Each structure stands twice: as structure tokens, then as C-alpha cells.
Participant: 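Input: one structure, supplied below.
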There are 2 protein chains.
Amino acid sequence: MVKPTVHDIAREAGVSLSTVDRVLNGRADVRPKNAERVKAAVRKLGYVRDTNAANLAKQRRYKFAFVLPEGPNHLVETIVAAIHEATWAQVADRTEFRILSVNAADPHAVVDNLNALDLSSLDGVAIMVPETPQVRDAIAHIKSAGIYVVALVSDLPNSGCDYFAGIDNFSAGKTAGALLGKFLRNETGSILVVTNSMVARDSIERRFGLDEVLSREFPLLKTLPTIEFHDDAERIRETLGHAVGANPDLKAVYSMGSGNTVMLDALRAQSGVEDLIVIAHDLTAVTRQALLDGELDAIIAQNVGHLVRSAIRVLRAKCDGADIYEAQEKIRIEIIMRENLY
Amino acid sequence: MVKPTVHDIAREAGVSLSTVDRVLNGRADVRPKNAERVKAAVRKLGYVRDTNAANLAKQRRYKFAFVLPEGPNHLVETIVAAIHEATWAQVADRTEFRILSVNAADPHAVVDNLNALDLSSLDGVAIMVPETPQVRDAIAHIKSAGIYVVALVSDLPNSGCDYFAGIDNFSAGKTAGALLGKFLRNETGSILVVTNSMVARDSIERRFGLDEVLSREFPLLKTLPTIEFHDDAERIRETLGHAVGANPDLKAVYSMGSGNTVMLDALRAQSGVEDLIVIAHDLTAVTRQALLDGELDAIIAQNVGHLVRSAIRVLRAKCDGADIYEAQEKIRIEIIMRENLY
DNA sequence: TTGTACGCGTTATCAC
DNA sequence: GTGATAACGCGTACAA
């Protein structure tokens, strides 16, 4: 039992190769009778297209773009590194990438960049920006050109994307909560929650998840209001000092998003915090080192290499009209401690 | 800048296509001078063989075998499921699998099965059995037939395998230790360590890792001697009862390997263990449910789907003489709680 | 609708 | 040893 080819289909259906091709790819009108015979032959022989042979014949090149937030951001840097690394891997075969840096904080700049994409030379885009009405419109425009769109890291639930590659941030927050709860079992105290900015929906969702778990399962622990420090090192330092002073029962710090560097700096400069449990998000050079040094107790992360490869595979699958192998593409919420650091 | 083809190489080197082919595939003797010119052209143009086109031309079929322990074992069942699932994925393109169940506890049976493999119709094997001198010899025999061998789940460090797909069990034990230590921070007490059998090197390595971390970082916690219960539900029940009675300071149970079902059953039947921290290995139907029910606090696992796909990719890369994309193939030690269960 | 050249690397002939 | 040539596998695309 060998795999049937288009030739087998043509013979079985009693038509020419080209007719088979037209039916399979919907290129032009085929007499209904013939079309039906082709489809019957496909079913009967169990034909499945050999994507590699097709790509060879078509000299197919997949052209994808990544739209990422600009500015100093460790997570984005690891994503860029992963894209470059993937270039050498099997997943990126016949694939070329363009990386676009946009000022994610400025919706207009984002939209301008999205609209400036040369849609005629593009098959798919992976986008990592916050969802705004303007972004939604820009994505609708991109999609109307027949280009596939994948949301990366941050979901864009109302933009009609073809896929979301990333973790469920609500669950990520719940994971942090469960971890804090178990690390502090039987203890009473408060938890300081910090983030760079609550504008990103990620942080909001994580905060919800955190509170949900803590209030339901660990009522002895109290979360303090979220502190946003907007890239202001001074501010986080002051806030931390104040929080330590005002909350003698402070037991932990949860850093929900970017800005781990300043948070860790502030922690180092502060006295009386040696026993604090500290949990942060994202595995980067900074958090990795902090984990090794014992400054962080655990990191909640998503595997960035996997994330990028997954986005690429999904975009390719969409282009090929192929099924997505869900089990492989699922991005997991990872808990990383010093001992299982990779 | 397009990808160079064999034709480009021939032109650049000033030789014929046939000579290029002879050099690239080592088919026949080529005058050293010409061979060098071909190699220089390959380097200069950055030629990389298009594996897909080559496989198409060769009508390549990869034939792999998985050798797995027989008998009731949830981990193995999930591996088998993952193999079947991978059959439908891109990684398994042009690939066919044979699954061999062997009585892993009987070295002779294992070797008989390995020796019974039809080496002439095989390109690679993934093997999951304990290492014994007999197994080592059998693997040497397989390798001498030019077949690639990957150790799966359990490393076979002295058998000259081409690769090990699995986690470092020493680190896995350390991870469990760190988790227990942090879950029980500031507490004094003892930890019950159970496994089905300490014969498997996995359990031994995990135990070492556990003790290493606990003794170095969490001296307040004491580990009890490992209890092996050899598939004996009665035994684990008795042992647990005894341990609870003899150690009023018992704080946690760590299940190092297979046999989670009986361990959990015993725990359910035992009174006075509601506050115990329980950590187990491997994500299976049983441990998943126990996690959801709150009977387990955390699971240390490896992603079985990833493990299987990785073994397949590595075997294929070996067959193709291609590089292995290490970052993708690394199997991570996962910490799974109810909140980040997938 | 059909025929056939094409893309890529491989394999086999037959000549020099 | 080396070169020229053709056929092959698969799906595609353009001329006829």
C-alpha cells in the first residue's frame, strides 16, 4: 500500500493530470461530472498532498513578518534571538522573516507600521502589540488581503486573528498565586504586586488570576494594590521601601511583567527583605541570573523558542490550508526554579 | 541571493554534475584536486542540500522502532499514544514506526527482542530499558549494522548511543527537593520517599538529587529511607501507615517513579495525612486527576509528546547526517500544579 | 481540457 | 576518473 499520487487519481478518475490539479486547487471550472469523479477517486484512494513536493514544484517561499514592541525589553530580545535561531532550523525551511519594531505604547504608530507592510509580498504576520480599536482595524485590513495573522504573547481576542500563540495569562497569574500560597502555607502576611504598567492586558489578567487563587485557597495571604512604576527605577525603590515599612508582615513580592531589572535592583538596595519570597515572569538573562543567585524563588515563563517556532508552524499550516497539530503548539506555563533551569 | 543548487556547484567548481554528486555522496573515487574544488565551491556558495528534494528523489522512507517496557505503566501508555499521535504530524512525514514491548525487568528477554529486530529494514531505534551489560552488547550489535540508537527516558551512558532524549533525573530530584523545601520553609519534619523499585537508575538519581538539595539548603527537613513497594498495594499501605505512626513530624511524601496509582490509593485509605505535601513524577491520567482533586500538590514531569517528537527528529537528523537543533530538542523538567496543568 | 516542461537531488548509462 | 545525458519522484504551471 503506497501513497497515491495525483497520477493515480487521474488514472482512477479517467481524466488528465491537469484536471485533477484544477479540482484539487480550485483553479478553474471543471465539468461537475469530472470534478465529482476526481473527488471520488481522492476519497477512494485516500490521497493526501505531499506538501514538500508541492513546495518544490512551486518554488514556494513563505514570507512572514514579526511585529514586536521596540525599546529595551528583555522578553522581546529573547524573541528576536529565537527568530534568528529558528532561521537555521527545519521549521524555517523555505521561510523568510522580516522583523518590525513598533512603539507599542502609541496606537497610531503601531497602526502606521502595520499599514506600511507590503501586503503583496507577505504570507503571514505574527503580532505582539496591545489590542486597540485602531489595531483591530489594521488587522482587518491585513486579513482582507488574504494574509494570515497570529497574535503573539498577548492575545487579540477581538481582532479576528487566525491564532493566538502564547499562554493564558489568567492561568499564569493563578499559577503564581498557587505557588505563593504553597510557599507560604500556614503563614499570614501580605504580598506586594508590582508591574511596569497595568495598561497591558497581560498584567490585568495575571492580577485577576492571582487574586482568584489567593482569596479562594489561601485566605491568610493578603495582596496589596498593584504598583505600577513605568520604567521609573526611583519610584520602585521608594515604593518598595515604603511597602516594607508599612507592612511588617510583608512576605512576598510578585513581579507581574516587564521591568524585572529595576525591581531586582530595588530589592538589592533594600534592607530587611532577605526572607521575602520573590516570583517574577519571563526567563531572560536577568531573571536567569537572579534565579541562580537565589534572588528569585521561581519564575513563571513561556518557552520563547517554542513560542516562535509554534507561530511559524501555525502560519505555515494556515498558508498550506493544513491542520494545526494542537498538542504540539500548546504553549505551556512553565515554573522554573534554579534546579530545573534550562 | 537564492539558494545554490548542485548545478551551481558544478559550474563554480568547473566540473560536471556527476562529479559533484560523487563528492557530495562519496560514491566513487574522485581526483583529490577535483574533490577539493567541489568542496571549496560548496563552502563559497554556502550550498546546503535540500533534504526534501533529496528525499523525494530517493523515495526515502525512514523506518524507526520504539522499544518500550511492557506491562501496566501509565508513562509508557502515554508514550505509545504520543507515537500514534505523531504519525499524523509533520515530524513523522515519510516515517514509519514499529513498537516493541519488552519485559524490561528481564535482561535476557530484552536482549532477545533487540536481537530479533530486522536490522536490514531499520534506520533507527529509540530504546527505553534499563542498562545492563547484555543490553550494551545488543546495542553495539545494532550500531554496528549502521543503525542509529537513541536512549529514551532512561539514559544508557555506557552503550554508545547516538543521543539521549529525556531529562536529567538528578536535576529532577533536585527540583523535587527544592519544591518540597520551599513548600515547607521554616518547618521541621520528615519526608517519606517512595518508589516502585530502586533498580531503575532513574529512581537512584532522583533520590541523590533530592538529598543533595535538602541537606544543603533545607537542613530542617529529614528524608526517610526510600521505600520500594514492587507493585504491591498491600505493602505500600502498611508502610504508609507505619510511617505516619512512627513519624509524627511527617510533612511530605515524594513518589519518585512509577506506581503512583497504588501510592495515591494508600494515601486515600490513610487517615491523618490531609496536611501532607505530596509530590509525584509523570503526568498521566492518574496523576492529572489527583492534581485536580488536590491530592497532589505538584508533579515533576517531562512533556511526553515533545519527548517522542524529539526522538523522531533526532533519529531523522542522524539519518540525514544533519545537525541537531539542541535548543529545540532539550527536554525540560516541568513543574505542574493544578493551575498550569495542560 | 490536455500535454509537457519545470523545480531539486538522485541514480544509472554510456561515453571519453 | 570524468563527463554528458536522461529518467525519476511529486505537484505545479503554462502552452497548446
Side-chain angles (χ1 to χ4, degrees), chain A residues 1-39 41-42 45-62 90 93-95 123 316 319-322, chain B residues 1-42 45-62 90 93-96 123 316 319-322:
Chain A
M1 266 316 161
V2 290
K3 266 181 61 176
T5 73
V6 276
H7 297 84
D8 299 319
I9 303 298
R11 191 161 4 89
E12 175 74 24
V15 297
S16 77
L17 256 182
S18 316
T19 303
V20 173
D21 182 56
R22 288 149 162 256
V23 174
L24 291 181
N25 297 306
R27 278 186 222 292
D29 284 339
V30 173
R31 208 181 338 240
K33 183 132 194 162
N34 278 348
E36 198 34 67
R37 293 176 72 179
V38 169
K39 286 182 198 148
V42 166
L45 301 183
Y47 168 82
V48 279
R49 163 203 262 108
D50 181 333
T51 310
N52 288 322
N55 284 344
L56 176 62
K58 276 192 291 207
Q59 299 197 84
R60 185 81 159 93
R61 302 286 303 171
Y62 299 90
Q90 185 63 29
D93 181 51
R94 293 175 187 279
T95 306
D123 299 302
R316 287 178 59 124
C319 290
D320 296 339
Chain B
M1 269 310 160
V2 291
K3 265 181 62 175
T5 73
V6 277
H7 297 85
D8 299 319
I9 302 298
R11 193 163 358 91
E12 174 74 23
V15 298
S16 77
L17 216 57
S18 317
T19 301
V20 172
D21 181 57
R22 286 173 184 135
V23 174
L24 290 180
N25 296 307
R27 279 187 221 291
D29 283 339
V30 172
R31 204 192 329 249
K33 183 134 191 160
N34 277 346
E36 199 32 67
R37 294 177 70 178
V38 170
K39 285 182 198 148
V42 166
L45 301 183
Y47 169 81
V48 279
R49 164 201 263 110
D50 182 334
T51 312
N52 288 321
N55 285 344
L56 177 62
K58 279 193 289 211
Q59 299 197 83
R60 183 85 160 95
R61 302 285 304 171
Y62 299 89
Q90 185 64 28
D93 179 52
R94 295 178 186 276
T95 306
E96 47 204 55
D123 300 301
R316 287 178 59 125
C319 290
D320 296 340

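In what follows, every chain begins at residue 1, and chains take the letters A, B, ... in the order their sequences are listed. As the structure is a computational prediction, the values presented were derived from the model and not from experiment.
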Participant: Applying the side chain to side chain donor-acceptor pair (under 3.5 Å) criterion to B:Asn52, which one of A:Asp93, A:Asn55, A:Asp50 satisfies it?
Facilitator: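 Among the candidates, only A:Asp93 passes.
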
Participant: Can you tell me which nucleotide in C:dG9, D:dC10, D:dG11 comes closest to the side chain of A:Ala54?
Facilitator: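 The answer is D:dG11, which lies nearest to the side chain.
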
Participant: Any side-chain N or O of A:Asn52 less than 4.0 Å from the OP1 or OP2 oxygen of D:dC10?
Facilitator: no

Participant: Can you tell me if B:Asn55 touches the phosphate of C:dG9, counting only side-chain N or O atoms and a distance under 4.0 Å to OP1 or OP2?
Facilitator: no

Participant: Take the protein atom NZ of B:Lys58 and the nucleotide atom C1' of C:dT10, then report the distance between them rounded to whole Å.
Facilitator: 8 Å

Participant: Hey, could you give me the CG/CZ distance between A:Leu24 and A:Arg49, rounded to the nearest 0.5 Å?
Facilitator: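 Rounded to the nearest 0.5 Å, the CG-CZ separation comes out at 6.5 Å.
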
Participant: Between B:Gln59 (CD) and C:dT10 (P), how many Å, whole number?
Facilitator: 14 Å

Participant: Does a sphere of radius 6.0 Å around CZ in A:Arg61 hold more than 12 heavy atoms from other residues, nucleotides or ligands, not counting ones at 6.0 Å or beyond?
Facilitator: yes

Participant: What is the separation between atom CZ on A:Arg11 and atom C1' on C:dT2, rounded to the nearest whole Å?
Facilitator: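 Going from CZ in A:Arg11 over to C1' in C:dT2 covers 17 Å.
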
Participant: Side chain of A:Ala53 only, please: which of D:dA13, D:dG11, C:dG9 is the nearest?
Facilitator: D:dG11

Participant: Does D:dG11 have its OP1 or OP2 closer than 4.0 Å to a side-chain nitrogen or oxygen of A:Arg60?
Facilitator: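 For D:dG11, neither OP1 nor OP2 has a side-chain N or O of A:Arg60 closer than 4.0 Å.
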
Participant: Could you walk me through whether B:Leu56 and B:Arg94 pass the side chain to side chain contact (heavy atoms under 4.5 Å, CB included) test, one step at a time?
Facilitator: CA-CA 10 Å; B:Leu56 177 62; B:Arg94 295 178 186 276; 3.8 Å; yes

Participant: Should B:Glu12 and B:Ile9 be marked as a side chain to side chain contact (heavy atoms under 4.5 Å, CB included) after you check the CA-CA gap, both sets of side-chain angles, and the distance that decides it?
Facilitator: CA-CA 5 Å; B:Glu12 174 74 23; B:Ile9 302 298; 5.8 Å; no

Participant: Tell me the interatomic distance from A:Asn25, atom CG, to D:dC14, atom C1', rounded to whole angstroms.
Facilitator: 15 Å

Participant: By nearest atom, which of the nucleotides C:dG9, D:dT12, C:dG7 is closest to the B:Tyr47 side chain?
Facilitator: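 The nucleotide sitting nearest to the side chain is C:dG9.
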
Participant: Are side-chain heavy atoms of A:Thr5 and A:Arg11 found at a separation under 4.5 Å?
Facilitator: no

Participant: Think A:Arg60 forms a cation-pi with A:Tyr62, using NZ or CZ under 6.0 Å from the six-ring centre and within 45 degrees of its axis?
Facilitator: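 Pair A:Arg60/A:Tyr62 counts as cation-pi.
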
Participant: In whole angstrom, what separates B:His7's NE2 from C:dC8's P?
Facilitator: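 So the two atoms are 8 Å apart, to the nearest Å.
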
Participant: Whole-Å distance between D:dG11 P and A:Leu45 CG?
Facilitator: 12 Å

Participant: In whole angstroms, how far is the C1' atom of C:dG9 from the NZ atom of B:Lys3?
Facilitator: 11 Å

Participant: Distances under 3.5 Å between protein N/O atoms and the N/O atoms of nucleotides 2-5 of chain D, please, pair by pair.
Facilitator:
from	atom 1	to	atom 2	distance (Å)
D:dT2	OP1	B:Arg31	N	3.2
D:dT2	OP1	B:Arg31	NE	3.0
D:dT2	OP1	B:Asn34	ND2	2.7
D:dT2	OP2	B:Arg31	N	2.5
D:dG3	OP2	B:Ser16	N	3.2
D:dG3	OP2	B:Ser16	OG	3.3
D:dG3	OP2	B:Thr19	OG1	2.3
D:dG3	N7	B:Arg22	NH1	3.4
D:dG3	O6	B:Arg22	NH2	3.1
D:dA4	N7	B:Ser18	OG	3.3
D:dA4	N6	B:Ser18	OG	3.0

Participant: Nearest-Å distance, CG (B:Asp50) to P (D:dG11)?
Facilitator: 16 Å

